[in-house]
Number of protein chains: 2
Amino acid sequence: MAHADEPPAEVRLPATAWAVLGILAFGEELTGYEVRQWAEHILRFFYWSPAMSQIYSELKRLEQVGYAASREVSGEDGRPRRVYAITDAGRAAASDWLAHAPVEPPALKHGPLLRVWLGHLADPDRLREVVTQHRDRSADLAAEADEARRAAAAVSGWAYPELVARWAVRYHTAERDLAARLLDDLDELVASGRAPDL
Amino acid sequence: MAHADEPPAEVRLPATAWAVLGILAFGEELTGYEVRQWAEHILRFFYWSPAMSQIYSELKRLEQVGYAASREVSGEDGRPRRVYAITDAGRAAASDWLAHAPVEPPALKHGPLLRVWLGHLADPDRLREVVTQHRDRSADLAAEADEARRAAAAVSGWAYPELVARWAVRYHTAERDLAARLLDDLDELVASGRAPDL
DNA sequence: CGTTGCATGTAAGGTGTTACATGATTAC
DNA sequence: GTAATCATGTAACACCTTACATGCAACG
């Protein structure tokens, strides 16, 4: 019963595919490698950065469903590189996804906290070490997110990425502070003698 | 060259397997169903709760490598249920994992923020809706984590779960506040007319 | 008499990673 | 020279979810 005027059949894609398409949606023709760099640049602060090989396969899939188009160009050195761009159908599909797809709740897998939760099986010094590392890494991430924020602020039309980068700075700063407070709680627990034994 | 006094060969398991083993490590004999309930009770606040079917297969794997043991008991109604308990080898392996395994950095996949990042493809009202829902869900999660904290505080020997629950309350409260601030930023952006068009 | 909860799994398939393979260019 | 970066993929595998299948008990 299909006829020509129907809207295009919706393709169900994982959020990672939309993230990759989103990178293309900022308008430039990009190689898989460059998509990866963009992901590293900003996406990683709020959305797990996919592996290189997955980016290549997502790009291939996006092209198959018509949301991206690729062409082979020769780089400065004459070697061929494949660049991808979002298509009109891709832009429409992304808009539709934003407008209508149910929003998955944030998924968190917090390795350091998992360790603390099992603290009764560990040496308290090891727990301190784990949480301290997490605190310091969070501080680094906050600083890096702030750089990304400044970079976004310098580009016109990047107001939303700038907002998200601002959120990311606050998020990782909060993570740093939460880790610091957890460290205090840990110290207090050990000092009080209420820590369950190994 | 293997001989009898070597430490047991280390088995490489995904963090989810350690999480399931960790639930058993709190000491009781549990059915797969009950493991799931514990995961829902506390784990979900800081570590993505695995699907029921995955819990069953992780339990099976843990038994295969000798970290858990199961036996069939008959429930009150006479129907058979399989209960799992951690073994000494499992406890030792979990301690070893805590002490030595590299700690994976927290993995975050933030669906709502991914949408905001692609805000130029969406209607501003839709973005408000997405972030508002996230803010309210975070508030709910903080309240639920606080209940879990109170429950943990009532059990002696649960000092570490209590610490983690306290962290979870703060974390989800922070998420709520970050969402509220993002909402303000969003409003300001739209009011200023700098929001890129659809 | 239908829904929810308890309880246990299997099968299929999708998602995502690691390892492998290749090769040029640039920086130390 | 050798390490890092650019650049592109394939193959194998591990992880994890969804859908399916089953059946009893309790509640309304």
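Residue numbering restarts at 1 for every chain, and letters A, B, ... go by the order of the sequence lines.
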Looking at [options], which one has an atom nearest to any side-chain atom of [X]?
X: A:T31; options: D:dA7, D:dT17, C:dG9; answer: D:dA7
X: B:P50; options: D:dT17, C:dG16, D:dC16; answer: D:dT17
X: A:A51; options: D:dA7, C:dT17, C:dT15; answer: C:dT17
X: A:R82; options: D:dT8, C:dG9, D:dC15; answer: D:dT8

Donor-acceptor pair under 3.5 Å, B:S53 side chain vs D:dT18 base: yes

Rounded to whole Å, how long is the line connecting atom [atom1] of [X] with atom [atom2] of [N]?
X: B:E58; N: C:dG9; atom1: CD; atom2: P; answer: 15 Å
X: A:E72; N: D:dA7; atom1: CD; atom2: P; answer: 14 Å
X: B:M52; N: C:dC6; atom1: CE; atom2: P; answer: 11 Å
X: B:K60; N: C:dA11; atom1: NZ; atom2: P; answer: 10 Å
X: B:Q54; N: D:dT18; atom1: CD; atom2: P; answer: 11 Å
X: A:R36; N: C:dT17; atom1: CZ; atom2: C1'; answer: 11 Å
X: A:L30; N: D:dT8; atom1: CG; atom2: C1'; answer: 15 Å
X: A:L62; N: C:dT15; atom1: CG; atom2: P; answer: 12 Å

Please tell me if [X] has a side-chain N or O lying less than 4.0 Å from either OP1 or OP2 of [N].
X: B:T16; N: D:dC16; value: yes
X: B:W48; N: D:dC16; value: no
X: B:Q37; N: C:dC6; value: yes
X: B:Y33; N: C:dC6; value: yes
X: A:K109; N: D:dC15; value: no

Touch class at under 4.0 angstrom, heavy-atom based, for A:R12 against every strand present: nothing

A:D125 atom CG: more than 12 heavy-atom contacts under 6.0 Å: yes

Carboxylate-amine/guanidinium contact A:R61 A:E58, below 4.0 Å: yes

Of B:R135, B:R170, B:H110, the residue whose pairing with B:E175 passes side chain to side chain donor-acceptor pair (under 3.5 Å): B:H110

Aromatic ring pairing A:H120/B:F26, orientation class (parallel under 30°, perpendicular over 60°, tilted between): tilted

Criterion ring-ring contact (aromatic ring centres under 6.0 Å, His included) on B:W158 and B:W38, from CA distance to verdict: CA-CA 14 Å; B:W158 278 24; B:W38 281 53; 5.6 Å; yes

